[in-house]
Each structure stands twice: as structure tokens, then as C-alpha cells.
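Below: one structure, written as C-alpha cells.
Quantities reported herein were computed from a predicted structural model and do not represent experimental measurements. Both ligands and their constituent atoms are indexed starting at 1 by order of listing. Counting from 1, the numbers follow the sequence of the chain as shown. In what follows, every heavy atom counts, from backbone to side chain, and hydrogens, waters and symmetry copies are set aside.
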Amino acid sequence: MILAGLYGITDNQLLAGGRLLPYVEAALQGGMKVLQYRDKTRDTQRRHHEASALLTLCEQYQAQLIINDDVLLAKELGVGVHLGQEDGSIQKARELLGNKAIIGATCHGSIELAQQAKTEGASYVAFGRFFASKTKTDAQPADISVLPQAKVLGLPICVIGGITLQNAPILLKQGANLLAVVNELFAVESPKQVKAIVEQFVQLIDLSN
Ligand SMILES: Cc1ncc(COP(=O)(O)OP(=O)(O)O)c(N)n1
Ligand SMILES: Cc1nc(C(=O)O)sc1CCOP(=O)(O)O
Ligand SMILES: [Mg+2]
């Protein structure tokens, strides 16, 4: 299973109005390897419907689907989950989802939180935000020096927060494996533009390896 590359995250506002599936499919065509379904509404029925459709798409392109926050939805679909510090226990999610499921953990800028997430069974650790984020304006800042320190954990290192084509290389150089991106990918006019941006991210990632 690939846990490296471009990790697109959906946004229920940016991808409203019928944009969700065409924009995600364009990202998959461009080479996105991991997708997180992040919908902060409580519309259970729509969330289930959208996540199922995304799973079908991800399977077509051999990409991994991860659900933000909602372990029960992840269990229903048989996919992974991303949990923040306020989103419940990683250990319980691991028990529910099984050994093979991807479980990601928000660690802000803390190597101690990352160590704890590893002990509890996380599959990858996510650090950020490294740059100002238009999607989550109140995200806690993280210092880039955490990235080389995190290598000793031996888990894939995910980075998030204001990532663009311009600033991605510095994160890759410091050891990031997964670039988690919302705005730079999806705040564009057309699926064609999404695909072109993903292709450029993929090129940057390939160059860094
Ligand atoms: C890959 C990735 N990293 C961090 C987050 C943030 O998770 P969290 O702190 O729980 O905040 P919300 O996304 O739930 O608002 C993430 N979603 N994905
Ligand atoms: C969902 C999320 N979590 C963050 C964190 O730092 O934990 S930053 C963030 C938003 C990422 O979107 P964009 O690429 O538009 O900045
Ligand atoms: Mg969360």
C-alpha cells in the first residue's frame, strides 16, 4: 500500500454544486494517491452517499480513501480514518477498523504527540500547519524542524497547512512523504486545472525521491 505522494483533501464548500466527483476524478487522473473525505457538516445521508461514490472512484484509480473524523463511516465503507487530537482514541479506531486500515493522526508540531500516536497504532503522523491556511485559518502552527526529527519514528510523515506548488519543495526536502492539500488543488475553475496542478505536485514529489 502506498502512503506517499499527493494526499488531496475534499472541502464541502469548495466542492459544492456538483464539483466533488469531477474534481476528485481529475485529481486521480493526475496521479493523486490518497484522498481524504473531509465534510464538516452533519448531513449523515449525504456524507454516506458522497463517501461511497468517492470510494468507487478511488478503487478505479488504485488510490486510498480516508474519512476525516468519522470512524463509524470509515468502518461502514471498509476504509481508513484521520483523527485529530479531539476526535477520539486511535487505539479504539484500530480495534474497530482492524490491522490493515490506514489511521492517520494529527500531531500539530509535536514529536511527543507523534510518538504517542505511533504507540496507539497510527499508520502515519501528520504535522502542520506549516503555512497560513485558507481552509483552516485557526490551525495551530508547526515548526518545520519537527520533520527531520520525525524520521526516527519510521512512519510515513504527512504535512499539511497552506501547501502550494511553491512551498512544497522545502517540506519534501525536510522529509515529508505525503503532501496534504485542499485549497491549492481544489480552489480552481475546472477539473482540467485540478489535473494540471496534481501533475505538477507529482513532478515535485518524484524529483525529491
Ligand atoms: C492529513 C491531515 N492532517 C491534519 C488534519 C487535521 O485534523 P483535525 O486536527 O482533526 O482537524 P479537522 O480536519 O477535523 O478540522 C487532517 N484533517 N488531515
Ligand atoms: C484540515 C487542516 N488541518 C490542518 C492542521 O494544521 O492540522 S491545516 C488544514 C487545512 C489544509 O488546507 P489547505 O491546504 O487549504 O491549507
Ligand atoms: Mg478532526
For [X], the ligand 2 atoms whose distance to one of its heavy atoms is below 4.0 Å:
X: Arg129; answer: 6 (O)
X: Ala139; answer: 5 (C), 6 (O), 8 (S)
X: Gly162; answer: 13 (P), 14 (O), 16 (O)
X: Gly161; answer: 8 (S), 16 (O)

For the 3.5 Å polar cut-off, considering only N or O atoms, please tell me whether [X] and ligand 2 meet it.
X: Ile163; result: no
X: Thr106; result: no
X: Asn183; result: yes
X: Ala132; result: no
X: Glu184; result: no

May I ask you to check whether [X] and [Y] show a side-chain donor-acceptor distance below 3.5 Å?
X: Gln91; Y: Glu95; result: no
X: Ser123; Y: Arg94; result: yes
X: His108; Y: Gln85; result: no
X: Thr41; Y: Arg47; result: no

Close approach of His108 to ligand 2, heavy atoms, under 4.0 angstrom: no
Quick test of your reading of the structure: of Ile160, Asp11, Thr135, whose heavy atom lies closest to atom 3 (N) of ligand 2? Ile160
Out of Thr106, Leu83, Leu179, who gets a non-hydrogen atom closest to atom 8 (P) of ligand 1? Thr106
Between Glu86 and ligand 1, find which residue part has any heavy-atom pair under 4.0 Å and reply side chain, backbone, both or neither. neither
What part of Gln85, side chain from CB on, backbone N/CA/C/O, both or neither, has a heavy atom under 4.0 Å from ligand 1? neither
Which is it for Ser133 and ligand 2 at heavy atoms under 4.0 Å: side chain, backbone, both or neither? both
Would one find an N, O or S atom of Glu86, in either backbone or side chain, under 2.8 Å from the Mg ion (ligand 3)? no
Under 4.0 Å to a heavy atom of Asp87 - the qualifying atoms of ligand 1, by number: 10 (O)
Suppose I only count heavy atoms of Cys158 and a 4.0 Å limit; which atoms of ligand 1 are within that range? 1 (C)
Asp69: its N/O/S atom lying closest to the Mg ion (ligand 3) (atom name): OD1
Write the atom name of the N, O or S atom in Asp87 that is nearest the Mg ion (ligand 3). OD2
May I have the step-by-step check of salt bridge (Lys or Arg N to Asp or Glu O under 4.0 Å) for Asp69 and Arg38, ending in yes or no? CA-CA 8 Å; Asp69 293 343; Arg38 181 173 182 269; over 6 Å; no
Minimal heavy-atom distance between Ala168 and Leu179, with the atoms involved, is CB-CD1, 3.9 Å
With a 4.5 Å cut-off on side-chain heavy atoms, are Tyr61 and Glu25 touching? yes
Would you call Cys158 and Phe127 a side-chain contact if the rule is heavy atoms closer than 4.5 Å? no
According to the interplanar angle, ranging from 0 to 90°, do the rings of Tyr23 and Phe186 count as parallel (below 30°), tilted (30 to 60°) or perpendicular (above 60°)? tilted
